[in-house]
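These notes are about the structure you will find just below.
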Number of protein chains: 2
Amino acid sequence: MAIAKGSARQRILQSAHALFYRRGIGAVSLDAIAEQAGVTKRTIYYHFESKDDLVASYVASRDQPNIDFYESCFERAPGSLPDKIEAMFTEIGRQSRGPRWQGCGFLRAAAELIDTPGHPALKAGARHKKRLEVWLASKLSDTFTPADAESLARQVSILLDGAFSVLLIHRDAAYAEAAGKAAAILIKERALLRNEAV
Amino acid sequence: MAIAKGSARQRILQSAHALFYRRGIGAVSLDAIAEQAGVTKRTIYYHFESKDDLVASYVASRDQPNIDFYESCFERAPGSLPDKIEAMFTEIGRQSRGPRWQGCGFLRAAAELIDTPGHPALKAGARHKKRLEVWLASKLSDTFTPADAESLARQVSILLDGAFSVLLIHRDAAYAEAAGKAAAILIKERALLRNEAV
DNA sequence: GAATGTATCTTCACTGGTCGGTATACTATG
DNA sequence: CATAGTATACCGACCAGTGAAGATACATTC
């Protein structure tokens with residue numbers, strides 16, 4: 001009510017994002033989301049079929065913004081290819097220091113929903129991670145063959161998810177640095193092997 | 001009631017482990033645990049202060065068994081140091097194919113409880129991950145200096161958590177292989193740098 | 001341009017069920 | 001009989017989901 005007419009759906013999604021990411025999916029009631037969005041619960045059920053549907057929409061809505069975040073990290077960073085990749089890890093480490101940072105929302109959603117196989121939010125999360133891997137490969141394919149780019153993209157994405165997980169547990173940005181350095185070493189090592197310049 | 005295999009407390013912990021790991025902490029009620037343990041809920045409250053206390057005890061009880069698992073992977077595997085490390089990843093990939101596998105229980109517990117700072121289960125999880133990293137360093141310190149062993153142990157533990165996370169999402173053992181190969185490369189590369197034989 | 005019909009959006013009030021936790025009493029054993 | 005452990009039965013809080021009706025916007029008709 002009040003703020004912006006005709007955007008109830010958007011406000012619901014925003015509130016869902018804020019609360020689900022902060023407290024976890026199971027820990028947040030639709031009443032809480034409704035209150036934060038300035039809407040009654042019944043309105044949520046007008047725009048979304050069920051809580052599961054809202055959860056899936058929330059996860060799907062984070063796909064593009066997250067890709068954009070990595071893209072901006074990568075493009076903004078100075079230096080060579082491994083430097084730019086390493087900068088992504090540094091930025092994640094920097095973010096992990098913030099009081100509102102709670103790790104990777106996709107990973108946490110997957111961890112929570114894993115025993116409801118076929119949940120649309122799980123599929124949306126998997127799609128996102130796959131897209132991120134493809135995006136990484138595209139950045140690497142300027143220097144490497146498609147096969148090498150894909151293989152390296154996979155290793156880097158594993159290091160990214162590892163960094164998120166460890167950071168969530170230890171809250172120590174040194175782990176992000178270690179992961180970034182590992183990624184850079186793997187890239188340089190592969191370039192050396194192929195006699196490519198990086 | 002039930003087949004009193006072991007004390008009630010032990011059965012409660014075992015049921016908690018089975019259900020919490022399978023379905024997640026928030027999704028499992030004490031009633032469900034009581035039923036599976038062949039005990040009433042009141043008995044749970046005799047042995048544990050609260051659900052949070054039971055959760056913390058569950059996490060803490062998985063510490064040693066998990067370390068033992070890695071130890072056995074490592075010792076059983078043939079070959080050189082990087083081969084043995086890589087074998088740990090291969091084994092995780094093999095396990096991820098099983099229908100009851102649901103990723104790393106410590107990571108999933110942390111993901112779910114992250115918004116209750118100071119939760120004893122979070123501390124128990126962090127202690128476990130720290131112990132695992134120290135254990136890895138001890139295995140590496142036969143070959144490397146303490147500083148290199150610690151640095152490599154950190155990178156390997158990040159790859160382990162990354163493998164768990166990605167496997168949870170994609171259920172594709174190829175990711176475990178990729179992570180294992182990355183770990184082996186990092187170790188070999190470091191050995192080369194130090195003129196150490198592996 | 002005023003009146004009316006209609007589909008869209010939102011609210012209030014409610015339900016059936018589940019959950020964490022508890023008061024109290026019973027039982028087995030040494 | 002004293003203590004540790006277990007059972008029955010219950011509570012208040014909360015939660016996902018719903019029924020029915022009120023509000024709003026917009027198109028149609030005269």
Contacting residues from residues 117-125 of chain A, given that a heavy atom lies under 4.0 angstrom of DNA chain D: none
Qualifying residues under side-chain contact (heavy atoms from CB on, under 4.5 Å), relative to A/A60, sequence neighbours excluded: A/A124
Please enumerate all protein N or O atoms sitting under 3.5 Å from an N or O of nucleotides 17-19 of chain D, with distances to 0.1 Å.
residue : atom : partner : partner atom : Å
D/dG17  : OP2  : A/Y45   : OH           : 2.7
D/dG17  : OP2  : A/K51   : N            : 3.0
D/dG17  : O5'  : A/Y45   : OH           : 3.2
D/dG17  : N7   : A/K41   : NZ           : 3.1
D/dG17  : O6   : A/K41   : NZ           : 2.8
D/dG19  : N7   : A/R42   : NE           : 3.4
D/dG19  : O6   : A/R42   : NE           : 2.8

Aromatic ring pairing B/H128/B/F106, orientation class (parallel under 30°, perpendicular over 60°, tilted between): parallel
Basic-acidic side-chain contact under 4.0 Å: A/K41, A/E35: no
Salt-bridge criterion met for A/K188 and A/E86 (N-O under 4.0 Å): no
Pairs touching residues 44-58 of chain A that satisfy side chain to side chain donor-acceptor pair (under 3.5 Å), sequence neighbours left out: A/D52-A/H119
Under-4.0 Å side-chain N/O to phosphate OP1/OP2 contact, B/H47 with D/dT6: yes
Test side chain to side chain donor-acceptor pair (under 3.5 Å) applied to A/Q14 and A/R9, step by step: CA-CA 9 Å; A/Q14 269 180 333; A/R9 188 193 162 91; over 6 Å; no
OP1 or OP2 of D/dG5 under 4.0 Å from side-chain N/O of B/Y46: yes
Approximate separation, where rounding is to 0.5 Å, of B/Y70 OH and B/K139 NZ: 14.5 Å
Residues from residues 13-27 of chain A lying under 4.0 Å of DNA chain C - heavy atoms: none
Sidechain N-carboxylate O distance under 4.0 Å for A/D148, A/R194: yes
Atom-to-atom span, CD1 of A/I33 to C1' of D/dC14 - whole angstrom: 15 Å
Going by atom type alone, with no hydrogens or angles, which donor-acceptor pairs under 3.5 Å involve a side-chain atom of residues 157-172 of chain A and a protein atom two or more places apart or on another chain?
residue : atom : partner : partner atom : Å
A/S157  : OG   : A/A153  : O            : 3.4
A/S157  : OG   : A/R154  : O            : 2.9
A/D161  : OD1  : A/K129  : NZ           : 2.8
A/S165  : OG   : A/D161  : O            : 2.9
A/S165  : OG   : B/S165  : OG           : 2.8
A/R171  : NH1  : A/W101  : O            : 2.8
A/R171  : NH2  : A/W101  : O            : 3.1
A/R171  : NH2  : A/Q102  : OE1          : 3.0
A/D172  : OD1  : A/A174  : N            : 2.9

Sugar-phosphate, base or nothing in reach of B/S29, heavy atoms under 4.0 Å: sugar-phosphate
Rounded distance (Å) that lies between atom C1' of D/dA7 and atom CD of B/E35: 15 Å
Of A/E91, A/R62, A/M88, the residue whose pairing with A/F69 passes side-chain contact (heavy atoms from CB on, under 4.5 Å): A/E91
Sugar-phosphate, base or nothing in reach of A/T43, heavy atoms under 4.0 Å: base
Value rounded to 0.5 Å, distance of SG in B/C104 from CG in B/N66: 6.5 Å
